[in-house]
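The block underneath contains the structure these notes are about, expressed in C-alpha cells.
These figures come from a predicted structure and were not determined experimentally. What's counted below: heavy atoms across the whole structure, side chains too, no hydrogens, waters or symmetry copies.
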Protein chains: 2
Amino acid sequence: MAAMARAATTSDAFNAIAEPRRREILVLLRGGERPVTELAHDLGMSQPQASKHLRVLREVGLVRVRGAGKQRLYGLDARGLRPVHEWLGGFERFWSGSFDRLDEYVQDLKQARREEPPDGDDR
Amino acid sequence: MAAMARAATTSDAFNAIAEPRRREILVLLRGGERPVTELAHDLGMSQPQASKHLRVLREVGLVRVRGAGKQRLYGLDARGLRPVHEWLGGFERFWSGSFDRLDEYVQDLKQARREEPPDGDDR
DNA sequence: CCATTGTATGCCTATATCGGAATGTGTCAA
DNA sequence: TTGACACATTCCGATATAGGCATACAATGG
C-alpha cells in the first residue's frame, strides 16, 4: 500500500522486450528451437542468466518450451508481439509523412494566424 | 561496479514505451500538442508525475517541447518509434502465418525427409 | 544406484524505477 | 514588486530487477 516501483518485467510483452538480452534471444529463436545452453553460449551469457530471461519470456508467452531428453528446447511464439507491433503501427503516419507532426502543426499555425491578426509571435 | 539493476528507462524507446503511462501520453499527443497540466488531468495523474514521464520521453526523443508563455507544449516526435516498429516487423511472418514457426518447421521436415529415404526420424 | 550433463532456482547486492509530497523556478499580470 | 499560475525538480520510501555464484532438480547412461 505504498509506492509501486516499476511495472513487473514479467507483466507484458512491452516490458519483456525492453531488455536487450531478451530481444537477442528472440531474434536467435527465429532460427528455430534451441536448448538453453546453446542460447547462452551463442549470446555470451551465463546459463542461469539465459534461464532467467527465458523464464520471463515464457511467462509473457513469447516462447514455448518442449522437453527433449535432458534438454529443454525453447521455441519462439511471436503471437504476443503482434499487439505491440500494432500499437506502434498507430504512429506510423507520424514518421512516414514529412516531419512527424511538424508540418501539420505549421498548417494549424498559419490557419490560426489567418484568423486573428498578427499579434506577438513566440515571445 | 557490480550488478546493474535494470536498463535505464531513459536509455531507449524500448524502455520508454514499456511504461503504460508513457504510452498513454504518446497516444494522447497524437491529437496534437498539449500543455502538461492538461495531459495530467486527462490521464488522471498528478502534474509531477506527468512532468517526469514527459522528461523521460523527451530524453529518448519521443516528444518535443515548446515554450508558449507560461505553458510548455509537448508534442509527439514519433521518429524514434520507427526502429522499434521495424524490429517487431522482423517477427511478422511468425505470427501472420499459421502457428508461429510450426508449419515452417514441418515444411523443413518434409523437405528433409524427401531428400533422404526414411530412416529414423527425429529420434 | 551413482555419476554426468542440462536446467532451474535461491540468495545477495547494487541500482534505479515509480509514486507522493513538498518545494524550486519561470512567466505573466496588476 | 508581489501574486498567481504552470511546470520542473528534489527527497523519500517501497519495490524489484539483472547479475553472479552456488546449488537443487531432472533425465540419461552406466
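Of the possible donor and acceptor atoms, none in the side chain of B:R34 sits under 3.5 Å from a partner among the backbone N and O of B:L39.
Taking the side chain of B:R58 as heavy atoms from C-beta on, and the options C:dC18, D:dA8, D:dG19, the nearest nucleotide is D:dA8. When the nucleotides D:dA8, C:dT7, C:dT9 are ranked by their closest atom to the side chain of B:Y74, D:dA8 comes out on top. Of the listed nucleotides (D:dG19, C:dA8, C:dG19), D:dG19 has the atom at the smallest distance from the side chain of A:R21. Nearest nucleotide to the side chain of B:K70, out of C:dG19, C:dC28, D:dA8: C:dC28. Among D:dA6, D:dA8, C:dT9, the nucleotide with an atom closest to any side-chain atom of A:R55 is C:dT9.
In this structure, A:H41 atom NE2 and C:dT5 atom P are separated by 17 Å, rounded to whole Å. Atoms CG (A:N15) and C1' (C:dC18) sit 12 Å apart, rounded to a whole Å. Taking atom CG on A:L73 and atom P on C:dA8, their separation rounds to 11 Å, with Å as the unit. B:I25 has its CD1 atom 14 Å from the C1' atom of C:dG19, to the nearest Å. Note: CD (A:E19) to P (C:dT15) measures 17 Å, nearest angstrom. Distance CD (B:E38) to C1' (D:dA6): 13 Å, rounded to an integer number of Å. For B:E59 and D:dA8, the CD to P distance is 12 Å, given to the nearest whole Å.
Across all non-hydrogen atoms, the minimal contact from A:A50 to A:A40 is CB-CB, 3.8 Å. Taking each heavy atom of A:L29 and A:G75 in turn, the nearest pair found is CD1-C, 4.2 Å.
At C:dT5, none of the side-chain N or O atoms of A:T37 fall inside 4.0 Å of OP1 or OP2 (strictly under the cut-off). OP1 or OP2 of C:dT17 has not a single side-chain nitrogen or oxygen of B:H53 nearer than 4.0 Å. Phosphate proximity of D:dA26 to A:R72: absent, as no side-chain N or O sits under 4.0 Å from OP1 or OP2.
For the atom pair CH2 of B:W95 and CG of B:L88, the computed distance is 6.0 Å after rounding to the nearest 0.5 Å.
Near-neighbour residues of DNA chain D inside residues 42-51 of chain B, defined by a heavy atom below 4.0 Å, number-ordered: B:Q47, B:P48, B:S51.
Ring geometry for B:H85 against A:H85 counts as parallel: the plane angle stays under 30°, on a 0 to 90° scale with 60° as the upper cut.
For the pair B:K52 and B:R34, nearest-nucleotide mapping onto DNA chain D gives the more 5' position to B:R34.
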